[in-house]
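Shown next, in structure tokens, is the structure this report addresses.
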Number of protein chains: 2
Amino acid sequence: MTHFLVRKLESFGPLPKDDVELIESLTSSAQGVKAHSDIIREGEAPGDVNLILGGFAYRYKLLKDGSRQIVAYLLAGDFCDLHVALLGTMDHSIAALTEVQLVKLPRESVLALLGRAAISRAMLMATLVDEATLREWLANLGGRSAEQRVAHFFCEWHRRLRAVGLAGDGGCELPLTQQEIGDTMGLSAVHVNRSLQALREKGLLTLRGRRLLIPDMKRLCAACDFRPNYLHLEAAVPAV
Amino acid sequence: MTHFLVRKLESFGPLPKDDVELIESLTSSAQGVKAHSDIIREGEAPGDVNLILGGFAYRYKLLKDGSRQIVAYLLAGDFCDLHVALLGTMDHSIAALTEVQLVKLPRESVLALLGRAAISRAMLMATLVDEATLREWLANLGGRSAEQRVAHFFCEWHRRLRAVGLAGDGGCELPLTQQEIGDTMGLSAVHVNRSLQALREKGLLTLRGRRLLIPDMKRLCAACDFRPNYLHLEAAVPAV
DNA sequence: CGCTGGATTGACAGTAGTCAAGACCGGTGG
DNA sequence: CCACCGGTCTTGACTACTGTCAATCCAGCG
């Protein structure tokens, strides 16, 4: 079960055998969460840290006017709320996009993990990648047109899913409504619709059911200036 | 000199004496950087990690169309590029806003620091706060009007400066041109100008020279829905 | 087959960008 | 002390992108 965590952390470099054993010895309780329900809400500070095993979730913030800004998507292997263990309170909420399977790690376990330098370091690296992604999103919202924004988002989505084996060269699942895409890109649902149509007319992508098809990834990347360097997928371990 | 780093890290909780000694034993070379020059550029992967001692800097990304998106401001005590030590390559650039004093830590030193669990953990916490700030910026760009965006940015700026002793209740330094504010908020300089005028007319702020005055912080916060929880300034150390 | 949520459309409103001219301001050299 | 300069800040006119509202269409489902 916690293999997942080992795999995630070791994607940044091997862990000492001790550390792997520690992780695998942790007690944890799995549970399922229904689609569209909250996993944790802004302001909460519960004792456990959630780790996604399967399904998709997203981080979001509610604004005063009632609108919602989605600020990240979580895939299998991602931490939901390390923040809670370290910073005390959630400054945003997390909800399940699809049905989600997650494991809850008691906070003490997480703190024990952080007592291991190699694990702590791997978590820091994971956090740095998340941060880099947020910076790219910021550039996306601040500097690109609606059409480019959406295209860029799809490129990233596909790339991330491919990294965890959930996408082939042709396409991938995309369990999002246009409203949700809009909440992600700071656009209205109507405008997302129009942008999608423009992209379709250019033959840059197909969207059928909940499935995204990208006939020519190169062309799409070129159209929206997508350069995946910020995802640090090679995640080379720097030699010490 | 490296006291700075100790202070930064201990803002998240005390460090073991060993760790403090390690930090203070590190060799480091200070240097100055002229205003408006780059400190490090996207794609680079040099050996040293920079730490800001004084002055202001900012992270930015260049987009295909030549526009620039500023994605963070760095104050005294902030790390410029931990990324380089851990992830290998910069995915964005950093430039000096004003004249900046920084110390360069050799990468091996940084990796040694990360070998200490408590230090590694404090760095993780610092990174989590940066991440939270990026999420709030994303919500700011995605969900608020131009006027609110700018107001929110000023609230945050003042709050952060106050946290490091650079702002009083009345106001603080703001060494930014309207163009730079625009590059930060995804707005044109002209529109920033108009938004500022609106805010001034409402009596929410004054901007003279490079100085920002906020007569009534409460009112400004209310106007832009600024809630500083995401800065985690109290940074309570969670009891183990 | 009728519902229901999501996707599409069209008309219209409003926000933000662009371009270009002119005012202002601090610093420089005479 | 003053004129000059370059960079910012302001302004106005105009354009273009994006949002809003509301009706309609469509596909999956009980």
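As the structure is a computational prediction, the values presented were derived from the model and not from experiment. Protein chains get the first letters and strands the later ones, always in sequence-line order, with residue 1 at the start of each. Note: hydrogens, waters and symmetry copies are ignored here, and every other heavy atom, side chains too, is used.
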In whole angstroms, the gap separating C1' of D:dC9 from CG of B:Leu176 amounts to 15 Å
Any ion pair linking B:Arg194 and B:Glu201 (charged N to carboxylate O, less than 4.0 Å)?
-> no
Report task. Apply side-chain hydrogen bond (donor to acceptor under 3.5 Å, both in side chains) to B:His83 and B:Asp91, showing your working. Result -> CA-CA 9 Å; B:His83 324 72; B:Asp91 51 50; over 6 Å; no
So, with a heavy-atom separation below 4.0 Å from DNA chain D, the residues of residues 185-197 of chain A are A:Gly186, A:Leu187, A:Ser188, A:Val190, A:His191, A:Arg194
Exercise. Which is true for B:Arg208 with a 4.0 Å heavy-atom rule: it touches a base, it touches only sugar-phosphate, or it touches nothing?
Worked result: nothing
Atom CD of B:Glu201 and atom C1' of D:dT11 are separated, to the nearest Å, by 13 Å
Value for CG (B:Leu207) from CZ (B:Phe154), rounded to nearest 0.5 Å, stands at 5.5 Å
From CG of A:Asp65 across to C1' of C:dT15 the rounded distance in Å is 15 Å
- Query: So does B:Asp65 have more than 12 non-hydrogen atoms from other groups sitting under 6.0 Å from CG?
  - Reply: yes
Quiz item: How is A:Arg200 classified with respect to the nucleic acid when contacts are heavy atoms under 4.0 Å: base, sugar-phosphate, or nothing?
Solution: sugar-phosphate
### Message
With a 4.0 Å cutoff (strictly under), does any side-chain N or O of B:Gln178 reach OP1 or OP2 of D:dT10?
### Response
yes
Taken to the nearest whole Å, CG/B:Asp183 to C1'/D:dT8 is 14 Å
B:Leu174 atom CG is separated from D:dC9 atom P, nearest whole Å, by 10 Å
May I ask you to check whether A:Glu156 and A:Asn140 show a side-chain donor-acceptor distance below 3.5 Å? no
dist B:Glu173:CD -> B:Arg211:CZ (nearest 0.5 Å) comes out at 7.5 Å
Tell me which donor-acceptor pairs under 3.5 Å the side chains of residues 43-54 of chain B have, and how far apart each pair is, sequence neighbours excluded?
unit_1  : atom_1 : unit_2   : atom_2 : d
B:Glu44 : OE1    : B:Arg41  : N      : 3.4
B:Asn50 : OD1    : B:Lys104 : NZ     : 2.7
B:Asn50 : ND2    : B:Asp81  : OD2    : 3.0

When rounded to whole Å, the CG to P distance for the pair A:Leu207 and D:dC26 reads 18 Å
Taken to the nearest whole Å, CD/A:Glu147 to P/D:dA16 is 16 Å
Rounded to whole Å, the CD1-P distance (B:Ile181 to C:dA16) equals 16 Å
